[in-house]
Enquirer: 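One structure, as structure tokens, below. Some questions next.
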Amino acid sequence: MKIVLLGAPGAGKGTQAQKLVADYHVAHISTGDLLRAAVKAQSALGIKAKEYMDAGQLVPDDLVIGLVKERLAQDDAQIGFILDGFPRNTAQATVLDAELAQMGIELDGALLVDVASDVIVKRLSSRRTCRSCGYTAGPEATVCPRCEGEMYQRDDDKPETIAKRLDTYDKQTAPLIEYYGGKGILIKVDGDRPVDDVYVDVKKELGL
Ligand code: AMP
């Protein structure tokens, strides 16, 4: 399985990716998680990335592309991978195509988890994320049900940043739907349903 996940922030890409990883043992490559780890570690990249993330903007392509190339080269990604949150614009998609071609790999599909923007705003503002493993849940969760880590509200899930992230998505990331549609590998599932129902469709559409 070698796929790209598309969809607005909060559409449920990470949740579906986690389910696929648990069942099919492929690598989950989430650029948001990689960047948050860099911010936490206060690496040079993390310090640069933080200002963009806090502003709801995309981190510059060269920083993110380096992270993804490194991650794609690791052993676990050779079996298969789910790219979650990458590519985020057509420049990144073009670099990814070139990188995969060089590795002799073809994408099986680009899976769009489709959710209307009013639903997204509600979801993001009530979302809590595990500081340790990235698991997401509703506002009632204070302890992670998966690893018992602390659940917190991401700075960029606060109302003032949500609007900016959605605007960034509409302008820069949504064009990828057409990009992968044009390549004939776009798969679409309705993400505005219970997680397990969405997952049934995801597996069906991926032929799993
Ligand atoms: P996410 O967890 O995917 O919602 O990402 C959180 C933030 O990390 C985004 O709002 C961006 O600032 C940054 N980010 C994640 N992935 C990328 C990417 N592929 N390109 C640029 N910035 C990214």
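In this chain, residues are counted from 1 in sequence order. Order of appearance sets the numbers: ligands from 1, and atoms from 1 within every ligand.
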Enquirer: With sequence neighbours left out, what residues match D190 under side chain to side chain contact (heavy atoms under 4.5 Å, CB included)?
Expert: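 D190: side chain to side chain contact (heavy atoms under 4.5 Å, CB included) contacts with D192, R193.
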Enquirer: What are the distances between nitrogen or oxygen atoms of ligand 1 and protein nitrogen or oxygen atoms, counting only those under 3.5 Å?
Expert:
residue: ligand 1; atom: 2 (O); partner: R36; partner atom: NH1; Å: 2.9
residue: ligand 1; atom: 2 (O); partner: R36; partner atom: NH2; Å: 3.0
residue: ligand 1; atom: 2 (O); partner: R154; partner atom: NH1; Å: 3.4
residue: ligand 1; atom: 2 (O); partner: R154; partner atom: NH2; Å: 3.3
residue: ligand 1; atom: 3 (O); partner: R88; partner atom: NH1; Å: 3.1
residue: ligand 1; atom: 3 (O); partner: R88; partner atom: NH2; Å: 3.2
residue: ligand 1; atom: 4 (O); partner: R88; partner atom: NH2; Å: 3.3
residue: ligand 1; atom: 4 (O); partner: R154; partner atom: NH2; Å: 3.4
residue: ligand 1; atom: 4 (O); partner: R165; partner atom: NH2; Å: 3.1
residue: ligand 1; atom: 5 (O); partner: R88; partner atom: NH2; Å: 3.3
residue: ligand 1; atom: 12 (O); partner: Q57; partner atom: O; Å: 2.6
residue: ligand 1; atom: 16 (N); partner: T31; partner atom: OG1; Å: 2.8
residue: ligand 1; atom: 16 (N); partner: G85; partner atom: O; Å: 3.4
residue: ligand 1; atom: 16 (N); partner: R88; partner atom: NH1; Å: 3.3
residue: ligand 1; atom: 19 (N); partner: G85; partner atom: O; Å: 2.9
residue: ligand 1; atom: 19 (N); partner: Q92; partner atom: OE1; Å: 3.0
residue: ligand 1; atom: 20 (N); partner: Q92; partner atom: NE2; Å: 2.9
residue: ligand 1; atom: 22 (N); partner: V59; partner atom: N; Å: 3.0

Enquirer: Do I3 and L20 come close enough that some side-chain heavy atom pair is under 4.5 Å?
Expert: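 Yes, close enough: below the 4.5 Å cut-off.
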Enquirer: Would the distance check show the side chain of Q42 and the main-chain N or O of A38 forming a donor-acceptor pair, the cut-off being under 3.5 Å?
Expert: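 Flag not set: sc Q42 to bb A38 has no pair under 3.5 Å.
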Enquirer: Please report, to 0.1 Å, the donor-acceptor pairs under 3.5 Å made by any side chain of residues 92-109, with sequence neighbours excluded.
Expert:
residue: Q92; atom: OE1; partner: R88; partner atom: N; Å: 2.8
residue: Q92; atom: NE2; partner: D61; partner atom: OD1; Å: 2.9
residue: T94; atom: OG1; partner: T90; partner atom: O; Å: 2.7
residue: D97; atom: OD2; partner: Y179; partner atom: OH; Å: 2.4
residue: D97; atom: OD2; partner: K183; partner atom: NZ; Å: 3.2
residue: D108; atom: OD2; partner: K2; partner atom: N; Å: 2.6

Enquirer: Looking only at atom types and distance, does a side-chain atom of T31 sit under 3.5 Å from a main-chain N or O of V68, one as donor and one as acceptor?
Expert: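 Flag not set: sc T31 to bb V68 has no pair under 3.5 Å.
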Enquirer: Please tabulate, one pair per line, all N/O donor-acceptor pairs under 3.5 Å involving side-chain atoms of residues 146-154, not counting sequence neighbours.
Expert:
residue: R146; atom: NH2; partner: C133; partner atom: O; Å: 3.3
residue: E150; atom: OE1; partner: R131; partner atom: NE; Å: 2.9
residue: Q153; atom: NE2; partner: S125; partner atom: O; Å: 3.2
residue: Q153; atom: NE2; partner: D157; partner atom: O; Å: 3.2
residue: R154; atom: NE; partner: D156; partner atom: OD1; Å: 2.9
residue: R154; atom: NH2; partner: D156; partner atom: OD1; Å: 3.3
residue: R154; atom: NH2; partner: D156; partner atom: OD2; Å: 3.0

